[in-house]
Amino acid sequence: MEYYIFDLKNNVDKNNSIEGEIDFSSKIKDDILELSKCKVDGAYSYDSRRDGWIFNLHLQISVTKACAYTLEPVNFLVDFDTDLIYTFKVTDDDAFPIEGNKIVLDEEIWGEIFMNIPSRVIKEGAVFDDSDNVYFDDDNPFANLKLDDDN
């Protein structure tokens with residue numbers, strides 16, 4: 001999603017709503033198995049104090065990750081509100097710089113989503129096998145070490 005500064009200025013008092021979808025399927029890697037398109041709703045406003053734009057957004061995306069116990073797919077919804085601030089002169093850690101004549105929201109939106117995805121998920125009803133059966137290969141240099149049962 002990208003917005004030209006000229007269009008933002010002209011529409012801020014008329015139609016400042018935002019609605020759309022972003023495809024983050026290229027971000028699938030590691031333990032993320034699947035992502036739906038991200039639904040983005042919200043509005044923007046001009047902040048004269050910061051000389052920039054504030055985007056008040058509601059983000060919703062379906063994520064599939066592997067269960068930490070069974071490795072079976074677990075699908076869940078990531079649904080939250082966030083504010084993204086873009087300014088010409090960044091003065092704090094909460095704002096992103098405006099480069100050129102447009103604002104591109106995609107990378108910052110992905111960053112917000114990624115921070116809201118749990119690092120591990122557990123499928124409902126999954127049971128962790130906490131057995132003490134530890135097996136070593138004969139070639140393993142630690143095979144002759146004895147495990148302390150008290151720990």
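No experiment lies behind these values; they were computed from the predicted model shown.
Taking the salt bridge (charged side-chain N to carboxylate O under 4.0 Å, His left out) definition, one finds that Asp93 meets it with nothing, sequence neighbours left out. For Tyr46, the ring pair (Phe, Tyr, Trp, His ring centres under 6.0 Å) partners two or more places apart in sequence, or in a different chain, are Trp53.
Pairs of residues two or more places apart, or lying in two chains, that qualify as side chain to side chain donor-acceptor pair (under 3.5 Å) and include a residue from residues 58-68 are Asp31-Lys65, His58-Asp79, His58-Asp81, Gln60-Asp79, Ser62-Asn75, Thr64-Asn75. Judged as a salt bridge (charged side-chain N to carboxylate O under 4.0 Å, His left out), the pairs with a partner in residues 98-123 (not counting sequence neighbours) are, in order, Glu2-Lys102, Lys27-Glu107, Glu72-Lys123. Pairs engaging residues 79-103 under the ring pair (Phe, Tyr, Trp, His ring centres under 6.0 Å) rule: Phe55-Tyr86, Tyr86-Phe96 [sequence neighbours left out].
Residues Leu35 and Trp110 are in side-chain contact: their nearest non-hydrogen atoms beyond the backbone lie under 4.5 Å apart. In this structure, the side chains of Thr82 and Leu59 come closer than 4.5 Å at one or more pairs of heavy atoms. At a threshold of 4.5 Å between non-hydrogen side-chain atoms, the residues Asp47 and Ile85 do not count as touching. Counting heavy atoms from C-beta on, the side chains of Ile103 and Ile5 come closer than 4.5 Å. At least one side-chain heavy atom of Ile117 sits under 4.5 Å from a side-chain heavy atom of Phe76.
One hydrophobic cluster holds both Val63 and Phe114 under the rule that ILVMFWY side chains link at heavy-atom gaps under 4.5 Å. Connection of Leu8 to Met1 is established within a shared hydrophobic cluster, with ILVMFWY side chains joined at heavy-atom distances below 4.5 Å, either directly or through further cluster members. Neither Ile113 nor Leu33 shares a network with the other; the hydrophobic side chains, linked directly or stepwise wherever heavy atoms of I, L, V, M, F, W or Y lie under 4.5 Å apart, form separate groups for each.
From Asp41, atom CG reaches atom NZ of Lys39 across 8.5 Å, with rounding to the nearest 0.5 Å. Within the model, atoms OH of Tyr3 and CG of Asn11 stand 10.5 Å from one another, a figure rounded to the nearest 0.5 Å.
The nearest pair of heavy atoms linking Ala95 to Thr87 is CB-OG1, 4.0 Å. Considering all non-hydrogen atoms of both residues, Cys67 and Val74 come closest at CB-CG2, 3.8 Å. Scanning both residues, Ile109 and Cys38, for their nearest heavy atoms gives CG2-SG, 4.5 Å.
More than 12 heavy atoms of other shown residues, nucleotides or ligands fall within 6.0 angstrom of atom CG in Asp92.
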Exercise answer: donor-acceptor pairs, residues 17-26 side-chain atoms, under 3.5 Å, sequence neighbours excluded:
unit_1: Ser17; atom_1: OG; unit_2: Asn15; atom_2: OD1; d: 2.8
unit_1: Asp23; atom_1: OD1; unit_2: Ser25; atom_2: N; d: 2.9
unit_1: Asp23; atom_1: OD1; unit_2: Ser25; atom_2: OG; d: 3.0
unit_1: Asp23; atom_1: OD2; unit_2: Ser25; atom_2: OG; d: 3.4

